[in-house]
Amino acid sequence: MRSDNIKKGIAKTPHRSLLMATGVSKKNINSPFIGIASSFSDLIPGHIGMRDLERQIEKGIHTGGGQAFIFGVPAVCDGIAMGHDGMRYSLPSRDLIADCVETVANAHQLDGLVLLSNCDKITPGMLIAAARINIPCIIVTAGPMLDGESKCEKLTMIKGAFEAIGKYRNGEITEDRLKELEEASCPSAGACQGLYTANTMACLTEVLGMSLPHCATAPAVSSEKRRIAFESGIQIVELVRQNKKPLDIINRDSLRNAIIADLGMGGSTNSFLHILAISNAINPSPKSKISTIPQGEGVSLNDFEELSNKIHQFVKLEPSNNITMSAFHNAGGVCAVLKELLKSVPEFKDLEGVTLSKTSEIVKNAYADKTVIHDYNEPFTTKAGLGILYGNISPDGSVIKISAVDESCYEFEGIAKTFNSEEEAMQALESDKIQAGDVVVIRYEGPKGGPGMREMLAPTSLLVGKGLGTKAALITDGRFSGGTRGICVGHICPEAANGGVIALIEDGDKIRIDINKRTLDLLVDEKILEERRKNLKPFEIQTGGFLGKYARTVSDASHGAIV
């Protein structure tokens, strides 16, 4: 065992003494050492229930014959970090989490890891760490929140709270009703109720085979989640005995499976960043750019583009529908999705025997409520839930959540109103300066320019709340929450800080978004753009500390915003 490096032989007497100081018995010192990397936090609804899950995992590890050690990693709640400088830390925290897990696991020579996660950047950070360390690992995502309800109105964090702000400012609801919605929208522990980033990544982790069946969708407060945590503890000891490692599971085929499932379910646009970063972790290139990974080893933005033109969306959940994660779980969840993909999509690979547990019988016999999980050949739409747009604004790509756009808006042309930060755009929205036919341009919010590539949930929610969701558009080199809906294009590359065309847009310019053709174009003559480029001031990083280091080392969004 790897842990023999800290517990075997006369020379390791001091090491064993220190381990015994932690409470390890003489009997258990010879057991596999299993770390439980827990992102428990009192600050985050998705993580407040993890103390109980830690206990269940620990019980499972000891039942399986291992010795458990719990250690903590940082976690950020994107909802609470939203709309202020705190959001600059969210995406960078993904790589920080990976570094923390790698550091503890390698410094203490752990034999295996259970990675207890839930919210937006924590799950991909832990997947990146698992791929880097490549010791047996299993992920337990803590599960979605229960649905909110007030006066017989079903609520979620997005539709019950964020979009309520716009309705209140429009005079559609009273202040008293706003306060009722505020109190009722998030009624329990768990990740926010829709297929936002946290639940998207939980589902894709299950698709990859890095968590047990039903883990992604079992509610955070359910006894089923406790049982899955316990069984994961047992399973990790077995994985150590089998020496089954993440790189036996995460490869080009399983990553493409994750992309296909993501497109079929219409998940969060943030999954593009995270899948690309995980791909880099399985085989980093010398320049840390996945475009140089040889065919057969990783994926690139080209895989998203190729598959987005083939895959039908046969699941449609909140925020683009009123079906929440609770209903999706009861309808069959990820196993039912896998059953449909294996039956209907040739590109989707059968990886039975590669995943953490035997899932073939579970998938084969999976129940599917066809009102929620359609037959693949009778989809909600033949267009994928997510798409890549190219054009003179985004020659290196941009992303849109097609599933969250009304089909009447698939072709949209409007007039640019430009803002150099989210705060400037919010002021304009709150002052009713954005009208039907406008394209809100928010720039200098990319990985480097932000720094940190903030989510734009507040302005997108305000657009929808003000009734402009189908009448105005928003484009940015920043990113969006998985809860974003409307004509919203993000991840524009090159970003403004790198001299991208988005930095050259001026108020009054015409912009065309064409989802059918997958294009995003600025309708301005190239000679005029060249003149504007001559007057563009070079971007200077204005911050030090952690964000300064991040800005100086981060790649662009089309390569996963890796550092």
Side-chain angles (χ1 to χ4, degrees), residues 78 81-93 269-270 273 389 391-400 415-430 433-434 438-460 462-463 473-481 484 488-509 511 520 522 524 529 532-563:
D78 278 29
M82 193 76 63
H84 56 85
D85 277 352
M87 179 48 71
R88 301 186 193 282
Y89 288 87
S90 174
L91 183 58
S93 76
T269 52
N270 285 309
L273 290 172
L389 307 186
N392 65 349
I393 295 179
S394 55
D396 293 339
S398 57
V399 302
I400 187 166
I415 304 300
K417 288 190 176 176
T418 60
F419 306 95
N420 289 339
S421 69
E422 179 187 6
E423 288 82 0
E424 289 181 15
M426 283 296 291
Q427 288 176 6
L429 281 161
E430 290 170 347
K433 293 179 180 178
I434 304 302
D438 287 342
V439 178
V440 179
V441 180
I442 306 178
R443 57 197 176 194
Y444 294 102
E445 290 286 6
K448 178 180 178 180
M453 203 179 184
R454 291 192 289 181
E455 286 184 353
M456 303 289 139
L457 181 58
T460 58
L462 198 49
L463 270 177
L474 188 151
I475 71 171
T476 180
D477 53 8
R479 60 191 178 89
F480 298 122
S481 161
T484 291
C488 301
V489 184
H491 303 204
I492 288 173
C493 291
E495 62 173 293
N498 286 329
V501 170
I502 190 173
L504 307 179
I505 300 172
E506 294 185 357
D507 289 350
D509 289 348
I511 293 172
L520 173 64
L522 178 63
V524 174
L529 293 181
R532 291 180 186 178
R533 189 174 296 283
K534 291 175 184 176
N535 297 319
L536 184 65
K537 294 180 180 179
F539 177 77
E540 293 183 9
I541 296 168
Q542 300 293 329
T543 187
F546 176 53
L547 291 180
K549 287 192 292 184
Y550 182 81
R552 289 174 175 84
T553 57
V554 69
S555 72
D556 58 42
S558 64
H559 292 100
I562 56 175
V563 296

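The distance from atom CE of M87 to atom CD of E422, rounded to the nearest 0.5 Å, is 8.0 Å. With rounding to the nearest 0.5 Å, the separation of OH in Y550 from OG in S93 is 9.0 Å. Separation of atoms CZ (R552) and OG1 (T543) is listed at 8.0 Å; rounding is to 0.5 Å. Atom CG of D509 and atom CG of L529 lie 8.0 Å apart (nearest 0.5 Å). A distance of 6.5 Å separates CD1 of I505 from CD1 of I492, quoted to the nearest 0.5 Å. With rounding to the nearest 0.5 Å, the separation of CG in L474 from SG in C488 is 5.5 Å.
The main-chain N or O of I502 is found under 3.5 Å from a side-chain atom of R443 such that the two form a donor-acceptor pair. Remark: the backbone N or O of M456 is not paired with any side-chain donor or acceptor of T484 at under 3.5 angstrom. Counting only distance, with no hydrogens or angles, the side chain of T476 and the backbone of I442 share a donor-acceptor pair below 3.5 Å.
Residues passing the side-chain contact (heavy atoms from CB on, under 4.5 Å) test with K549: none are found, sequence neighbours excluded. The side chain to side chain donor-acceptor pair (under 3.5 Å) test applied to D438 returns K417, not counting sequence neighbours.
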Q) Yes or no on side chain to side chain contact (heavy atoms under 4.5 Å, CB included) for L91 and V554, after CA distance, side-chain angles and deciding distance? A) CA-CA 11 Å; L91 183 58; V554 69; over 6 Å; no
Q: Show your working on side chain to side chain contact (heavy atoms under 4.5 Å, CB included) between L273 and M453 and close with a plain yes or no.
A: CA-CA 11 Å; L273 290 172; M453 203 179 184; 4.0 Å; yes
Q: Go through F480 and V399 one step at a time and tell me if the side chain to side chain contact (heavy atoms under 4.5 Å, CB included) criterion holds.
A: CA-CA 10 Å; F480 298 122; V399 302; 5.9 Å; no
Q. Step by step, would you call R532 with V524 a side chain to side chain contact (heavy atoms under 4.5 Å, CB included)?
A. CA-CA 11 Å; R532 291 180 186 178; V524 174; 4.3 Å; yes
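Taking each heavy atom of P447 and A561 in turn, the nearest pair found is CG-CB, 4.1 Å. Here the shortest heavy-atom pairing between M82 and A458 reads CG-N, 4.3 Å. In terms of heavy-atom proximity, S90 sits nearest to D78 at OG-OD1, 2.6 Å.
Among residues at least two apart or in separate chains, side-chain hydrogen bond (donor to acceptor under 3.5 Å, both in side chains) pairs with a member in residues 444-459 are N270-E455, E423-R454, E445-R454, K448-N498, E455-R479.
Each of D507, N420, D477, I511 was evaluated against V441; a single residue qualifies, I511, per the side-chain contact (heavy atoms from CB on, under 4.5 Å) test.
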